Protein chains: 2
Amino acid sequence: MEPKFLALEQEKQDRILNAAMKEFAQNGYKNTSTNNIVKQAGISKGLLFHYFTNKKELYLTLYDYFVELFLKEMQLKVDWEDKDIFSRHRQIAALKIKLFHQYEHIFNFLNAAMSEDSREVKSELNSRKEKFINHNYREMLQDIDRSKFKEDLDVSRTIEIIIWSIEGFAYKQQAKFKGLSIEEIDLKETLRELDRYIEVLKYSFYK
Amino acid sequence: MEPKFLALEQEKQDRILNAAMKEFAQNGYKNTSTNNIVKQAGISKGLLFHYFTNKKELYLTLYDYFVELFLKEMQLKVDWEDKDIFSRHRQIAALKIKLFHQYEHIFNFLNAAMSEDSREVKSELNSRKEKFINHNYREMLQDIDRSKFKEDLDVSRTIEIIIWSIEGFAYKQQAKFKGLSIEEIDLKETLRELDRYIEVLKYSFYK
DNA sequence: CTCCTATTGACCGAATTGGTCAACAGAAAT
DNA sequence: ATTTCTGTTGACCAATTCGGTCAATAGGAG
């Protein structure tokens, strides 16, 4: 991140980061207008280009910063010794909720970046994606204790089903949050609601 | 649909419809360029505006036509007497696969339309969406035999989990299809693969 | 009063947009 | 052979929007 930008007060930094992420997530790289970003962030056009040399650098800086933030949190806050799939995904969900609280659009932004293919950023982004996948993100999700599942269950497909269920739940929650301000969202209750679905899954899939 | 357009040979019609749906699905209403549509469809700019009076009419005509097509097929091809949730969703999946075969982008287009909010089409689209929801699409998915589930299961949440699983499966399949031409896709095999997941779900959730 | 740094927003050339229309191709009719 | 007609083309247009610049300003520090 640019040193000039880092010298800003945290609140103003976050306002700019959130505005940029929101626009990029909603419209993709090409169709995001820097005019909308500065309007959203409440700063002038000139200032944005004072901090970031151009639109492309802004986008890639954003991507690098939030991938690293996410992976660092994952490494730090999740107990990787615990191989129970539900316990692990519950921890990841809790972490995502916490990050969502500070950066509302972080996961929409990162997801959108995963399928971004504008000419201008495609090559730079692809090499970064490889790095991200290899980091050990894949194994993070796959190093699971399979002995807890019922004997005659197709465990691989069952694990897929569990992940799809949690994703579906996350998607449903986000739709529910739409339009609400961050303060109106009851994060503890969201986690409690997730536990109700986990209970169904555990009861059905575990011995 | 415009009579002039309907007089065209089916193949050319479909080429134009598919091209328009693809672009609208990928970029949304506002950021879809009619230039790209005609390029994709292999026709001239003038011809597109010979068939459709303007971009907005093209978009709404497309939406109306494919919503109706989908609902008509649903009404016709699904056995609504069968209240088994797996059997019902399997029938719907089979129908979607068939439609996908002719109009590759139909569901991406319809899904994108669901969250479309460009000024130019917002009001017209919103009234159409209400109509669609009310038609009886909701009850189509909810009139399910709940007596087959295991006694102490939270049936409502279980049903949500089943739907999320099928959606997750569909999403995974579509990612796998990406880049392949229609002819290369083995539709029977896709359905067989779905059955393997249904088997896991049925075994776990049914008595 | 003078620096100095942070910030502004009017402005620019370039690109792109939805939509038009005079012209054309070529089959059918005269 | 000539006219008519229908389907089709793509160069063209005014309008808008874009990323990026830069001279001008504000306002605190010295």
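As a basis for the values below, the full set of heavy atoms in this structure was taken, side chains included, without hydrogen atoms, waters or symmetry mates. Note that the coordinates shown come from a computational prediction; the quantities given were computed from them, not determined experimentally. Chain letters run A, B, ... following the sequence lines, proteins first and then strands; every chain starts at 1.
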**Student:** Work out how much the helix from C:dC1-D:dG30 to C:dT30-D:dA1 bends between its end axes, five pairs an end, to the nearest 10 degrees.
**Tutor:**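 End-to-end axis angle: 20°.
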**Student:** Could you tell me whether B:Glu199 and B:Lys202 make a salt bridge, using a distance below 4.0 angstrom between a side-chain N and a carboxylate O?
**Tutor:**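 Salt bridge flag = no for B:Lys202 with B:Glu199.
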**Student:** Which parts of residues 23-39 of chain A get close to DNA chain C, meaning a heavy atom less than 4.0 angstrom away?
**Tutor:**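 Correct list: empty, so none.
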**Student:** A:Arg119 CZ to C:dA15 P: how many Å, rounded?
**Tutor:**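 Going from CZ in A:Arg119 over to P in C:dA15 covers 15 Å.
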**Student:** Are there over 12 heavy-atom neighbours, none belonging to A:Arg119, within less than 6.0 Å of that residue's CZ?
**Tutor:**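 Result for CZ/A:Arg119: open.
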**Student:** Under 4.0 Å, counting only non-hydrogen atoms across every strand here, what does B:Lys56 touch: a base, just sugar-phosphate, or nothing?
**Tutor:**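 No contact.
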**Student:** Can you tell me the distance, in whole Å, between the CG atom of B:Leu8 and the C1' atom of D:dT6?
**Tutor:**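 From B:Leu8 CG to D:dT6 C1': 12 Å.
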**Student:** Distance check needed: C:dC21 P versus B:His50 NE2, whole Å only.
**Tutor:**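 The distance from NE2 of B:His50 to P of C:dC21 comes to 15 Å, rounded to the nearest Å.
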**Student:** So which nucleotide from C:dG9, D:dG10, D:dG20 ends up closest to the side chain of A:Ser44?
**Tutor:**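 Side chain of A:Ser44 sits closest to C:dG9.
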**Student:** Grab the CZ-C1' distance between B:Phe5 and D:dT8 for me, whole Å please.
**Tutor:**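 So the CZ-C1' distance, B:Phe5 to D:dT8, works out to 15 Å.
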**Student:** Between B:Leu6 (CG) and D:dG7 (P), how many Å, whole number?
**Tutor:**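 Roughly 13 Å, once rounded to whole Å.
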**Student:** With nearest nucleotide decided by heavy atoms, which residue, B:Phe49 or A:Ile43, maps closer to the 5′ end of DNA chain C?
**Tutor:**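 The answer here is A:Ile43.
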**Student:** Look at the aromatic rings of A:Tyr51 and A:Phe5 and report parallel, tilted or perpendicular, splitting at 30° and 60°.
**Tutor:**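 Taking A:Phe5 first and then A:Tyr51, their aromatic rings stand perpendicular (interplane angle over 60°).
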**Student:** When the distance from NZ of A:Lys55 to P of C:dA15 is rounded to whole Å, what number comes out?
**Tutor:**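 Atom-to-atom, A:Lys55 to C:dA15, this comes out as 15 Å.
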**Student:** Could you give me the CA-CA distance, side-chain angles and deciding distance for B:Ser118 and B:Glu120, then say whether side chain to side chain donor-acceptor pair (under 3.5 Å) is met?
**Tutor:** CA-CA 5 Å; B:Ser118 296; B:Glu120 294 99 320; 4.6 Å; no
**Student:** Which of parallel (below 30°), tilted (30 to 60°) and perpendicular (above 60°) describes A:Trp164 and B:Tyr197?
**Tutor:**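 Tilted.
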**Student:** Restricting to ring pair (Phe, Tyr, Trp, His ring centres under 6.0 Å), what partner residues turn up for B:Phe149, sequence neighbours left out?
**Tutor:**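 Checked B:Phe149 against ring pair (Phe, Tyr, Trp, His ring centres under 6.0 Å); matches are B:Tyr206.
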**Student:** Is the shortest distance from a Lys or Arg side-chain nitrogen in A:Lys56 or A:Glu124 to a carboxylate oxygen in the other one below 4.0 Å?
**Tutor:**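 Here A:Lys56 pairs with A:Glu124 in a salt bridge, since their nearest N and O are under 4.0 Å apart.
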**Student:** Can a side chain N or O of B:Tyr51 be found less than 4.0 Å away from OP1 or OP2 on D:dG7?
**Tutor:**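 For B:Tyr51, the contact criterion (side-chain N or O under 4.0 Å from OP1 or OP2 of D:dG7) is not met.
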**Student:** Suppose we call two aromatic rings close when their centres sit under 6.0 Å apart. Are A:Phe24 and A:Tyr59 close by that rule?
**Tutor:**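 Yes, the ring centres sit under 6.0 Å apart.
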**Student:** What's the spacing between A:Lys172 NZ and B:Glu160 CD if we round to 0.5 Å?
**Tutor:**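 Going from the NZ atom of A:Lys172 to the CD atom of B:Glu160 covers 3.5 Å.
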**Student:** Kindly point out which of D:dT8, C:dG19, D:dT9 is positioned nearest to the side chain of B:Asn54?
**Tutor:**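 Taking heavy atoms from C-beta onward, the closest nucleotide is C:dG19.
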**Student:** For B:Glu120 and D:dA15, give me the distance from atom CD to atom C1', rounded to whole Å.
**Tutor:**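 After rounding, the gap between these two atoms is 14 Å.
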**Student:** Can we call the ring centroids of A:Phe107 and A:Phe100 under 6.0 Å apart?
**Tutor:**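 Centroid distance A:Phe107-A:Phe100: not below 6.0 Å, so no.
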**Student:** Can you tell me if the side-chain N/O atoms of B:Lys45 get under 4.0 Å from OP1 or OP2 in D:dC13?
**Tutor:**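 So the side-chain polar atoms of B:Lys45 never come under 4.0 Å of the phosphate oxygens OP1 or OP2 of D:dC13.
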**Student:** Taking any heavy-atom pair under 4.0 Å as a contact, classify A:Phe52: base, sugar-phosphate, or nothing.
**Tutor:**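 No contact at all - A:Phe52 keeps every heavy atom at 4.0 Å or more from the nucleic acid.
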**Student:** Consider the side chain of B:Leu47, meaning its heavy atoms from C-beta on, and name the nucleotide among C:dT7, D:dT8, C:dG19 that approaches it most closely.
**Tutor:**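 The nucleotide sitting nearest to the side chain is D:dT8.
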